[in-house]
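Both counts, for ligands and for their atoms, begin at 1 and track the order of listing. In this text the structure is predicted, and so the values were computed from the model without any measurement.
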Amino acid sequence: MNLAVNVDHVATLREARGGMEPDPVHAAVLAELGGAVGIVCHLREDRRHINDRDVRVLRDVITTKLDLEMAATPEIIAFALEIVPDLITLVPEKREELTTEGGLAVAGNEEYLADVTRMFHERGILVSLFIEPEALQIDAAVRCGVDIIELHTGTYANARSGAGRRIQLERLRSASRYAAEAELIVTAGHGLDLRNLEAICSIPEIEEVSIGHALVGRALFVGFEQAVREFVAAVT
Ligand code: PXP
């Protein structure tokens, strides 16, 4: 399994003082040196962490792949079409949330999302949808013509009891199988850390995980590149 590193929280720390440091671009370079196969950043409508400059510089500097996480709003779509990341991941976005709270409502919005997907495909950009591990959303993702689905692992990660965690793991396992049978590439992310990652790695269809918060937290103690190496070792 591969690791993609989300650098949003490096920018969160920078924004706490409104200066230049720490720079998410610096973190992205160290993540690549540590073995990450891709860099993820979420350009939010309110620019609370990653900003336009970060995405532009990341596009120039990184040599693996740039995954731009974004809401499917006209302003951000126009920006993404200008930047041409390797991949865009469409997520739901609410101003009041601390982090992305759930999967995208794909079912019921196929017409719009298929149009957006077509626009990105015309520029050679792959499209991923961040969704709940549900057949309803997977079927809708197939109808949109996307390349990848990223399964939301937040409910699994937040489950308090062992039984609850096992139920969520089973949902992820069967959704992964279902999506792979539909010829979608399957990835996963949200709330993953060095403790809960092992079970996710037991799902063979999940090709990649996207991890930010726990990795940036670990980096405070061991350094960014070393933290990435630890997470790479945990997924391989
Ligand atoms: N995937 C998506 C779609 C996300 O929105 C996030 C959070 O930005 C992540 C993965 C990474 O989650 P975490 O920061 O909890 O590792």
Side-chain angles (χ1 to χ4, degrees), residues 1-13 15 24 27-28 31 36-51 54-55 58 65-73 76 80 85 87-106 113 126-133 137 141 146-159 168 172 175-176 179 184-201 206-220 224 227-228 230-232 234-235:
M1 189 182 282
N2 289 321
L3 173 72
V5 171
N6 180 312
V7 295
D8 291 353
H9 289 313
V10 179
T12 300
L13 195 54
E15 295 307 310
V37 301
I39 303 300
V40 189
C41 65
H42 184 174
L43 185 69
R44 282 182 167 270
E45 196 189 2
D46 62 10
R47 308 298 198 270
R48 70 170 73 152
H49 39 52
I50 293 291
N51 60 36
D54 297 332
V55 185
L58 284 170
K65 85 181 164 198
L66 177 62
D67 175 1
L68 179 61
E69 230 183 273
M70 51 179 274
T73 60
I76 306 285
L87 163 68
I88 60 121
T89 298
L90 296 178
V91 297
E93 194 174 298
K94 289 191 226 127
R95 271 189 186 245
E96 63 280 13
E97 70 191 357
L98 288 177
T99 180
T100 313
E101 280 173 354
L104 194 64
V106 185
L113 293 171
L126 294 173
V127 178
S128 174
L129 301 178
F130 182 60
I131 59 171
E132 294 300 323
Q137 301 300 342
V146 299
D147 311 280
I148 302 166
I149 50 147
E150 179 180 341
L151 295 176
H152 181 221
T153 51
T155 314
Y156 157 76
N158 293 332
Q168 295 307 324
L172 290 161
S176 299
L184 289 164
I185 294 170
V186 184
T187 68
H190 216 281
L192 297 178
D193 60 29
L194 288 171
R195 291 187 186 89
N196 63 25
L197 202 45
E198 194 181 338
I200 295 296
C201 294
I206 299 179
E207 296 186 15
E208 189 174 301
V209 283
S210 165
I211 304 184
H213 186 82
L215 192 151
V216 173
R218 180 74 184 146
L220 289 175
F224 210 88
V228 174
E230 290 177 7
F231 277 78
V232 167
V235 299

Hey, does G191 come in under 3.5 Å of ligand 1, counting only N/O atoms on both sides? yes
Per-atom contacts, ligand 1 versus [X] - under 4.0 Å to a heavy atom:
X    : value
H213 : 13 (P), 14 (O), 16 (O)
N6   : 8 (O)
V91  : 3 (C)

T89 (side chain) donor-acceptor with L129 (main chain) under 3.5 angstrom: no
Sequence neighbours excluded, the answer for side chain to side chain donor-acceptor pair (under 3.5 Å) partners of D147 is H121
State the [atom1]-[atom2] distance between [X] and [Y], to the nearest 0.5 angstrom.
X    : Y    : atom1 : atom2 : value
I39  : L87  : CD1   : CG    : 12.5 Å
I131 : L90  : CD1   : CG    : 12.0 Å
L192 : L215 : CG    : CG    : 11.0 Å

Is R44 salt-bridged to D46, cutoff N-O under 4.0 Å? no
Considering residues at least two apart in sequence or located in another chain, which fulfil the side chain to side chain contact (heavy atoms under 4.5 Å, CB included) criterion with N51? R14, E15, R53, D54
So, does [X] sit close enough to ligand 1 that a heavy atom of it is under 4.0 Å from the ligand?
X    : result
A214 : no
I211 : yes
E69  : yes

Heavy-atom distances under 4.0 Å decide this one: backbone, side chain, both or neither, for E150 against ligand 1? side chain
Short version for H152: what comes under 4.0 Å of ligand 1, heavy atoms counted, is neither
